[in-house]
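Okay, structure first, notes after.
Order of the sequence lines sets the chain letters (A, B, ...), proteins ahead of strands, with each chain counted from 1. Treat the numbers as computed from the prediction; the structure is a model and nothing was measured.
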Protein chains: 2
Amino acid sequence: MSDVAIEKFIETMGSLAQSEGGTRIAGQILGYLVVEGEPRTLTQMTEALSISKASASTNARLLENRGQLRRVSQLGSRQDAWEAVSNPNRDVLATVATRFRKSGEAIGEAAAAFPPDRAEARSRVVHLADFYFNSAEFIEEWISNLPDRQEENASDLSTDHGAAKFTG
Amino acid sequence: MSDVAIEKFIETMGSLAQSEGGTRIAGQILGYLVVEGEPRTLTQMTEALSISKASASTNARLLENRGQLRRVSQLGSRQDAWEAVSNPNRDVLATVATRFRKSGEAIGEAAAAFPPDRAEARSRVVHLADFYFNSAEFIEEWISNLPDRQEENASDLSTDHGAAKFTG
DNA sequence: CAGAACGTTCAATAAAAACTGAACGACCTG
DNA sequence: CAGGTCGTTCAGTTTTTATTGAACGTTCTG
């Protein structure tokens with residue numbers, strides 16, 4: 001932190017997350033970790049962002065589930081550390097695609113139950129379901145065009161990510 | 001309405017809208033109008049969905065802003081009628097693209113204000129902004145591949161009712 | 001012009017969500 | 001084993017959002 005421009009960026013990330021349907025704190029955590037570029041602990045988050053430990057824990061794991069954060073346990077410490085993945089929003093898109101697919105399924109199932117005398121209505125609903133299916137497909141294609149996730153985040157010394165997953 | 005399967009579909013649309021960050025009633029209205037296939041008035045919505053006139057009005061205009069509903073004033077009546085556009089989610093994608101672009105701008109501006117000694121952090125943030133820009137661009141391309149909006153909804157003039165298939 | 005129906009707005013309420021403090025179990029250290 | 005630190009959970013509070021009822025201005029009808 002320590003700089004007003006950086007604080008502003010983090011606040012921006014918080015607002016953005018909120019307007020995208022997430023939580024402010026999740027956005028702030030992501031912004032903070034992108035700025036830092038190295039793994040940070042929950043305690044560091046609570047201090048940097050003035051949030052409770054409960055919020056830090058909950059939102060960090062939420063971001064982990066979305067694929068935007070990675071938990072790296074550092075050898076010799078039982079503290080978890082968290083870092084932003086290098087393409088933090090790639091998996092957000094994947095989540096969107098999954099949700100689209102599920103929406104399409106839900107709508108398609110509902111359409112299948114329509115009574116015979118509502119065939120036209122059903123066809124409109126099926127059309128809607130198709131939109132979701134096709135959008136999901138397209139987003140997945142888009143994802144596959146994104147640059148590969150590079151495991152080159154913390155640019156200075158090697159915190160060996162891939163191997164040292166060592167949670168209790 | 002009048003059918004349990006259709007009611008279930010409308011409820012599904014409400015839940016879906018909610019999980020996508022919208023309001024339940026907006027989703028229900030959209031579902032209702034898709035089922036009906038013809039323009040319906042606010043009063044009809046309030047009866048069919050058991051909602052208040054205030055909610056119907058507010059949410060209908062909200063959907064209109066998103067491009068999912070169209071207001072059609074019928075000659076000889078001063079009642080507004082509303083219908084779902086034939087591709088109700090096309091403009092939802094456009095809204096997403098716009099939001100992505102704005103997010104990219106906000107993040108990019110924040111990055112530009114970073115102090116010189118945080119050049120590496122800034123480059124990470126710029127990378128993030130680029131993701132938004134590229135995604136916006138891609139979505140817009142996807143939109144342009146969608147079948148054209150056909151303005152053939154609320155009449156029996158045309159026979160190919162929303163039957164446009166995706167080309168992939 | 002009176003009366004009714006309409007769409008919108010706004011204050012108030014109801015419902016939902018975020019966020020926190022405190023407590024807990026697990027684990028390490030000395 | 002005692003004391004400290006860690007991450008998580010949970011109940012409670014605060015904050016936000018959705019939804020409503022009532023009031024208002026407008027427009028049509030008779």
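Residue A:Gln79 is the one, among B:Ser52 and A:Gln79, whose nearest nucleotide of DNA chain D lies closer to the 5' end (criterion: closest heavy atom). Checking A:Lys53 against A:Arg24, the closest nucleotide of DNA chain D that is more toward the 5' end is the one next to A:Lys53.
When rounded to the nearest whole Å, the span between CH2 of A:Trp82 and P of D:dC6 equals 15 Å. The CE-C1' distance, from A:Met45 to D:dG7, rounds to 12 Å in whole Å. Remark: P of C:dC19 and CD1 of A:Ile29 are 9 Å apart, rounded to the nearest angstrom. Atom CG in A:Asn59 sits roughly 15 Å away from atom P in C:dA17 (whole-Å rounding). To the nearest angstrom, P of C:dA18 lies 13 Å from CG of A:Leu63. Between the CG atom of A:Leu62 and the C1' atom of C:dA17 there is a distance of 13 Å, given to the nearest Å. Between the CG atom of A:Asn65 and the P atom of D:dT8 there is a distance of 11 Å, rounded to whole Å. The nearest whole Å value for the distance from the CD atom in B:Glu64 to the P atom in C:dT8 is 8 Å.
Salt-bridge formation is not detected for the pair B:Arg99/A:Glu20: no Lys NZ or Arg NE/NH1/NH2 atom is positioned less than 4.0 Å from an Asp or Glu carboxylate oxygen. A salt bridge between B:Glu120 and B:Arg118 is absent, with no side-chain N of the basic residue lying under 4.0 Å from a carboxylate O of the acidic one.
Proximity note for A:Thr23 (side chain, C-beta onward) versus D:dT20, C:dA18, D:dT9: the nearest is C:dA18. For B:Ile25, counting side-chain heavy atoms from C-beta on, the closest listed nucleotide (C:dG7, D:dT20, C:dT20) is D:dT20. The side chain of A:Asp80 lies closest to D:dG7, out of D:dT20, D:dG7, C:dG21. Of all nucleotides listed (D:dT9, D:dT8, C:dC10), D:dT8 comes nearest to the side chain of A:Leu42.
Within the 4.0 Å cut-off from OP1 or OP2 of D:dT8, at least one side-chain nitrogen or oxygen of A:Arg71 is found. For the OP1/OP2 pair of C:dG7 and a distance below 4.0 Å, the side-chain nitrogens and oxygens of B:Arg61 include no atom meeting the criterion.
Atom CD of B:Glu64 has more than 12 heavy atoms from other residues, nucleotides or ligands within 6.0 Å.
When heavy atoms are screened at a 4.0 angstrom cut-off, A:Ser57 is found touching base atoms of the nucleic acid.
Between B:Phe138 and A:Phe138, the ring planes are parallel. Angles under 30° get that label, and only those over 60° would be called perpendicular.
At a cut-off of 3.5 Å, with distance as the only test, no side-chain donor of B:Asp80 or B:Thr41 sits close to an acceptor on the other residue.
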